[in-house]
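Since the structure comes first, as structure tokens, the remarks are kept for the end.
Just so we're clear, the structure is a prediction, and the values are computed from it rather than from any experiment. Ligands are counted one by one from 1 in listed order, and the atoms in each one are counted from 1 as well.
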Amino acid sequence: MTAQTATSILSDRIGRIEVSATMAVTAEAAQLRAQGVQLADFGAGEPHFPTPRHIKDAAIEAIEANFTRYTVVAGIPELRKAIVQRHACDFGSDYTADEAVFTTGGKLALFNAIQVLVDHGDEVILPVPYWVSFKDIVQYAGGKLVYLQTEESENFRITADAIEKSITPRTKVIILNSPSNPAGSVVSPGDLERIVNLAHDRGIFLLLDECYVYLQYAGTPLSGGSFVEAKEHVVVLGSLSKTYAMTGWRAGFALGPKPIIAAMSKLQSQSTSSSAAFVQKAAIAALNGSQACVVEMRADYLKLRDRILAGLAEIPGITCTTPQGAFYVYPNVSAFLGKPGAKSATELAARLLHEAHVVAVPGEAFGTQEHIRLSYAVCHNDIEEGLVRMKSFFAKLAA
Ligand SMILES: Cc1ncc(COP(=O)(O)O)c(C=O)c1O
């Protein structure tokens with residue numbers, strides 16, 4: 001079958017989206033690695049830590065006990081209770097177990113939330129830079145994206161004033177991701193409260209992707225779910241992937257108004273059904289167990305962040321904002337762009353990969369033209385090696 005016939009048999013829906021850019025970079029890096037190339041891999045956003053012992057043990061125990069069958073679609077009651085209790089304990093929210101659904105990864109929670117809320121032509125406000133999947137998932141649902149530009153000089157800060165200006169009578173959803181991927185920007189508590197209230201007052205739904213909420217380096221992390229009076233219009237999307245180093249387990253959740261959670265469960269009942277039974281037991285162990293592992297990992301990310309920022313600052317031509325959370329830096333590489341062979345960040349990232357064997361994701365994937373994203377959730381030696389390689393690569397490029 002040719003590419004053209006394939007296009008004509010496929011739905012209009014699938015033609016509206018692209019392969020996730022981070023997944024594409026990961027695949028290209030894997031190919032090089034298979035050829036024996038030693039990469040400094042700052043591509044995929046995934047913790048370099050192993051999943052903590054007590055979480056793995058809970059899954060092993062569950063398998064040994066033959067807890068390996070279908071479960072109720074939204075997740076076993078004990079797990080949904082653990083989700084709401086963890087959230088209430090950390091953020092003072094007030095959800096009941098039937099306001100929670102466990103999903104096969106945080107991405108599915110987001111996907112399902114958008115599918116049940118967004119109709120053709122509904123406007124969805126999305127701050128730039130954005131995590132790659134937000135855009136495609138909204139387009140898949142037929143929604144109309146309204147991009148909200150942020151300023152690099154203000155650390156890509158998202159303000160309530162800017163959100164308010166983007167609202168129109170067609171706005172159905174606002175997406176917020178704080179701390180954000182890729183820039184690590186954090187919405188201030190004052191702005192978050194105003195955004196929650198202005199969405200609630202206007203009957204707009206706020207989708208809060210809080211998958212990095214435990215990886216905030218200054219100030220007290222806050223959840224949009226803490227504003228209980230506005231609960232009716234808030235959907236919190238969570239993930240165990242980054243918090244507990246569980247990316248491959250596929251464990252995420254949503255907390256929100258009962259009708260939305262029920263609709264998400266209905267959609268899930270016709271697609272994935274429940275998540276893997278033993279993963280649910282592991283998730284309970286993660287949420288109910290000691291949170292010391294989270295504190296330890298966060299402390300290491302902070303050291304890694306400071307080291308990579310210091311190293312990048314020594315590369316002439318590169319500037320970089322200081323991320324306040326998550327585990328990415330988003331350096332501005334505009335000084336190197338526009339030259340033959342490096343006309344765009346995409347071309348630059350390709351050369352960085354093939355010539356310096358450093359994996360980075362080009363900024364175009366996140367809606368900006370002048371940046372690359374580097375994930376610093378890697379071991380300290382890889383940071384050092386990657387910095388050496390980038391220093392020499394950019395020096396050659398500038399010459
Ligand atoms: C902002 C954001 N949301 C959601 C996810 C999805 O995480 P997962 O599906 O692994 O839970 C990611 C993963 O990179 C992310 O960066």
| note | Between Y328 and the options Y376, W131, Y212, the side chain to side chain donor-acceptor pair (under 3.5 Å) test singles out Y212

| remark: Among non-hydrogen protein atoms, atom 10 (O) of ligand 1 lies closest to S241 OG, 2.7 Å

| message | When you measure from the centre of the six-membered ring of Y130, is the NZ or CZ of K135 closer than 6.0 Å and no more than 45° off the axis? | response | no

| said: Do the side chains of D161 and R194 get close enough for a salt bridge, i.e. N-O under 4.0 angstrom? | reply: yes

| request: With heavy atoms of Y212 as the reference, note each atom of ligand 1 found under 4.0 Å away. | output: 1 (C), 14 (O), 15 (C), 16 (O)

| query | Is any NZ, NE, NH1 or NH2 atom of the basic residue among E314 and K391 found under 4.0 Å from an Asp or Glu carboxylate oxygen of the other? | reply | yes

| message | For atom 9 (O) of ligand 1, what is the closest protein heavy atom, and at what distance to 0.1 Å? | response | R250 NH2, 2.7 Å

| K107 N/O to ligand 1 N/O under 3.5 Å | yes

| Should K242 and E46 count as an ion pair when the cut-off is N to O under 4.0 Å? | no

| task | Answer with yes or no whether N177 contacts ligand 1, where contact means a heavy atom under 4.0 Å from a ligand atom. | result | yes

| request: Write out the residue and atom name of the closest protein heavy atom to atom 3 (N) of ligand 1, then the distance separating them to 0.1 Å. | output: D209 OD2, 2.5 Å

| field | For atom 13 (C) of ligand 1, closest protein heavy-atom neighbour | value | K242 NZ, 3.0 Å

| request: Give yes or no for whether the N/O distance cutoff of 3.5 Å, strictly under, is met between T247 and ligand 1. | output: no

| note | Minimal heavy-atom distance between I318 and P331, with the atoms involved, is CG2-CB, 3.8 Å

| field | Salt bridge present between R389 and E385 (N-O < 4.0 angstrom) | value | yes

| query | Considering only heavy atoms of G106, which atoms of ligand 1 have at least one such atom less than 4.0 Å away? | reply | 8 (P), 9 (O), 11 (O)

| message | Check contact between G252 and ligand 1, using heavy atoms of the residue and a distance below 4.0 angstrom. | response | no

| task | Report yes or no: does a heavy atom of E46 sit under 4.0 Å from some atom of ligand 1? | result | no

| message | Is it the case that ligand 1 has an N or O less than 3.5 angstrom from some N or O of A251? | response | no

| task | Could you tell me how the ring of F205 sits relative to the ring of H233: parallel (under 30°), tilted (30 to 60°) or perpendicular (over 60°)? | result | tilted

| request: State whether E28 and R33 are salt-bridged, where the test is any N-O pair (Lys NZ or Arg NE/NH1/NH2 against Asp/Glu carboxylate O) under 4.0 Å. | output: no

| query | Which residue holds the protein heavy atom closest to atom 7 (O) of ligand 1, what is that atom called, and what is the gap in Å? | reply | S239 OG, 3.9 Å

| task | Check each atom of ligand 1 against the heavy atoms of G105 and keep those under 4.0 Å away; list them by number with element. | result | 9 (O), 11 (O)

| Shortest protein heavy-atom distance from atom 12 (C) of ligand 1, along with the residue and atom involved | W131 CZ2, 3.4 Å

| field | With Y214, the ring pair (Phe, Tyr, Trp, His ring centres under 6.0 Å) member among Y244, F91, Y301 | value | F91

